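What you see is a predicted model, and the numbers here were worked out from it, not measured in a lab.
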Amino acid sequence: MQPQFLLSLLDGVLGTIVLSVLTFICGGLAGFVVALARISPLRSVSFAAIAYIQVFQGIPLLVQMGLAYFGPILLGFESVPPLAAAALAMSVFASAYLGQIWYGCLISVAKPQWEAAECLGLTRWQRMTRVVLPQAMRIATPPTVGFLVIIVKNTSVSSLVVGYQELTYNAKVINNATFEPFLYFGLAGIFYFLICYPLSVQSRALERKFNVGTR
Amino acid sequence: MAYEFDFQSVLAYAPMFLQGAWTTLILTFWATLAGFVLGTLCAVARTGGPRWLRLLVGGYVEVIRNTPLLIQAYFLIFGLASIGARMPIMLGVVIAMVVNIGSYTTEVMRAGIESIKRGQIEAAECLGLSRAQIFLHVVLRPAMERVYPSLVSLYVLLMLGSSVLSAVGVEELFGVSNRVQSVTYRNFEVFIVLGVIYLAMTLVLRGVFWALGQLIFPRRRRLGTAL
């Protein structure tokens with residue numbers, strides 16, 4: 001194996017990590033808004049959140065990639081950088097799932113906690129930031145870390161439509177030149193595993209830690 | 001400049017889209033069936049098998065769950081081709097999907113099996129049920145009923161995820177759409193049509209699984225409550 005191939009794979013790892021981090025930041029912010037909209041007392045707002053979640057969980061990430069790549073051109077952009085299109089599609093995808101996960105965490109904070117906060121005369125903002133969110137965040141940490149694994153794995157499709165260069169793409173290019181699929185896809189798989197496995201372990205450990213009370 | 005949508009030229013290829021959607025459903029059907037069997041066997045091995053088997057299954061589950069489907073498909077399909085194994089592309093794709101979904105099914109079914117209370121099994125033993133009867137009626141079926149919603153989500157996600165397998169050259173819905181794009185140059189319209197078809201397939205699949213659940217879990221049908 002030539003060293004430049006290994007370097008190219010490592011370069012792909014970097015691309016994968018950059019896209020994953022961008023997705024988590026943007027998708028997380030959007031997902032938080034979706035989760036808040038989902039618990040809104042206004043029927044129209046919560047219904048919009050439900051529709052958003054159902055639609056974007058119901059179409060494949062690849063199709064969202066296509067829409068994010070070709071959509072902005074219709075709005076008058078000359079062209080879209082692959083990273084921007086991939087990050088946009090992945091953020092929408094992640095926000096639909098994170099919104100759903102976090103919605104579950106918000107409503108699993110015991111109802112009396114919400115009511116007690118109301119009785120104490122806290123404003124909605126205070127109730128959310130001082131009472132509900134601190135408790136919901138504890139519940140939300142394990143599934144959120146688990147979802148990071150899904151984000152990292154899903155970056156692998158971002159070369160197919162928009163042509164973003166990440167680990168899978170680089171492995172494919174090297175394989176096209178060397179015809180050693182077991183070696184290079186195996187190496188790429190190992191790199192993915194090295195990123196994802198610690199996250200999976202961490203997610204399970206957190207879950208055990210927070211479930212002490214119900215063990 | 002306002003963009004003029006042109007769905008006419010895309011919808012002219014409706015038969016191709018339908019053909020592709022059908023292929024996607026066929027792939028999903030076989031992968032779900034075989035993946036469920038594989039996952040259930042692995043879950044049983046992981047909960048009650050000998051130590052070496054538990055470790056083996058644990059390794060399989062961890063490796064597959066922490067790597068992307070696309071890499072698994074490339075590894076399997078291009079890898080097997082490189083050592084001279086010839087097979088139809090549909091078979092290769094189904095194998096990759098089964099290996100993938102089997103690991104997720106293992107984890108879900110394991111959670112179900114572990115949720116069965118020890119007392120249930122002891123009660124069944126006292127009633128004189130054979131080991132096979134206990135396993136089928138007291139452990140497996142209630143376990144499956146309990147995790148059925150998670151299983152359904154897994155298999156719907158598998159159907160959506162199969163779109164990436166167009167990258168190894170199978171002509172399922174997404175693969176077909178690539179051809180339509182290169183003929184019509186109407187990329188955005190093609191993706192909108194794709195989104196609508198996939199969304200419809202998601203709803204149909206959920207409906208089918210709901211009906212199937214009513215059929216195989218009589219308790220749920222009669223009482224209408226979760227186990």
Side-chain angles (χ1 to χ4, degrees), chain A residues 16 54-76 97 146 149-150 152-161 166-169 171-172 175-176 178-201, chain B residues 1-5 24 61-83 100 153 156-157 159-168 173-175 177-178 181 185-203 205-206:
Chain A
T16 293
Q54 289 298 329
V55 166
F56 288 109
Q57 288 193 358
I59 62 178
L61 178 57
L62 267 185
V63 174
Q64 297 178 34
M65 291 263 174
L67 294 174
Y69 190 59
F70 295 108
I73 295 173
L74 306 191
L75 297 173
Y97 281 89
V149 175
I150 296 177
V152 173
K153 284 191 295 184
N154 275 316
T155 58
S156 68
V157 308
S158 56
S159 63
L160 294 184
V161 178
E166 35 67 55
L167 183 48
T168 305
Y169 178 80
K172 181 94 192 298
N175 177 57
N176 287 348
T178 61
F179 301 109
E180 288 182 277
F182 281 131
L183 175 61
Y184 290 105
F185 293 129
L187 273 175
I190 290 172
F191 284 132
Y192 276 112
F193 188 81
L194 289 178
I195 303 171
C196 293
Y197 186 64
L199 292 171
S200 299
V201 171
Chain B
M1 183 196 81
Y3 183 81
E4 282 192 23
F5 283 95
T24 293
V61 169
E62 290 301 336
V63 166
I64 298 298
R65 277 164 52 100
N66 287 298
T67 50
L69 171 63
L70 189 55
I71 283 286
Q72 293 157 15
Y74 282 160
F75 186 85
L76 264 170
I77 291 168
F78 293 152
L80 287 179
S82 78
I83 55 170
N100 181 268
S153 301
V156 171
L157 275 180
M159 187 270 287
L160 297 177
S162 71
S163 57
V164 309
L165 296 170
S166 57
V168 293
L173 183 50
F174 197 84
S177 79
N178 283 335
Q181 285 179 61
Y185 298 105
R186 289 289 173 179
N187 312 59
F188 194 69
E189 285 89 336
V190 168
F191 279 109
I192 289 184
V193 170
L194 271 185
V196 171
I197 299 178
Y198 272 113
L199 203 54
M201 280 164 64
T202 302
L203 294 176
L205 208 55
R206 284 195 174 278

Please state whether the side chain, the backbone, both or neither of [X] comes within less than 4.5 Å of a heavy atom of chain A.
{"X": "B:Ile83", "result": "side chain"}
{"X": "B:Leu157", "result": "side chain"}
{"X": "B:Gln181", "result": "side chain"}
{"X": "B:Phe174", "result": "side chain"}

B:Ile71 vs A:Leu167, test: side-chain contact (heavy atoms from CB on, under 4.5 Å). Steps then yes/no.
CA-CA 10 Å; B:Ile71 283 286; A:Leu167 183 48; 5.8 Å; no

Is there a side-chain contact between B:Phe5 and A:Leu74 in this structure, where contact means two heavy atoms from C-beta onward sitting under 4.5 Å apart?
yes

Determine the minimum heavy-atom distance between A:Phe193 and B:Glu62, stating which atoms define it.
CE1-O, 3.4 Å

Looking only at non-hydrogen atoms, find the nearest pair between B:Arg65 and A:Lys153 and report the distance.
O-NZ, 2.9 Å

For the side-chain contact (heavy atoms from CB on, under 4.5 Å) test, which of A:Leu199, A:Val149, A:Val201 pairs with B:Asn66?
A:Val149

Which residue, B:Leu173, B:Thr202, B:Leu160, forms the side-chain contact (heavy atoms from CB on, under 4.5 Å) with A:Pro60?
B:Leu160

Only counting residues at least two apart or in another chain, list the ones meeting salt bridge (Lys or Arg N to Asp or Glu O under 4.0 Å) with A:Glu180.
none

Ring pair (Phe, Tyr, Trp, His ring centres under 6.0 Å), paired with B:Tyr74, selected from A:Tyr169, A:Tyr184, A:Phe185
A:Phe185

Which atoms of [X] come close to chain B, meaning under 4.5 Å heavy atom to heavy atom: side chain ones, backbone ones, both, or neither?
{"X": "A:Leu160", "result": "side chain"}
{"X": "A:Asn175", "result": "side chain"}
{"X": "A:Val152", "result": "neither"}
{"X": "A:Gln57", "result": "backbone"}

Parallel, tilted or perpendicular, as decided by the 30° and 60° cut-offs, for the rings of A:Phe70 and B:Phe191
parallel

Chain A shares the most heavy-atom pairs under 4.5 Å, among B:Leu70, B:Leu194, B:Val63, B:Asn187, with B:Asn187

Per-residue tally against chain B (heavy atom, under 4.5 Å) across A:Tyr192, A:Tyr69, A:Phe182, A:Phe179 peaks at A:Phe182

Per-residue tally against chain B (heavy atom, under 4.5 Å) across A:Leu67, A:Leu61, A:Thr168 peaks at A:Leu67

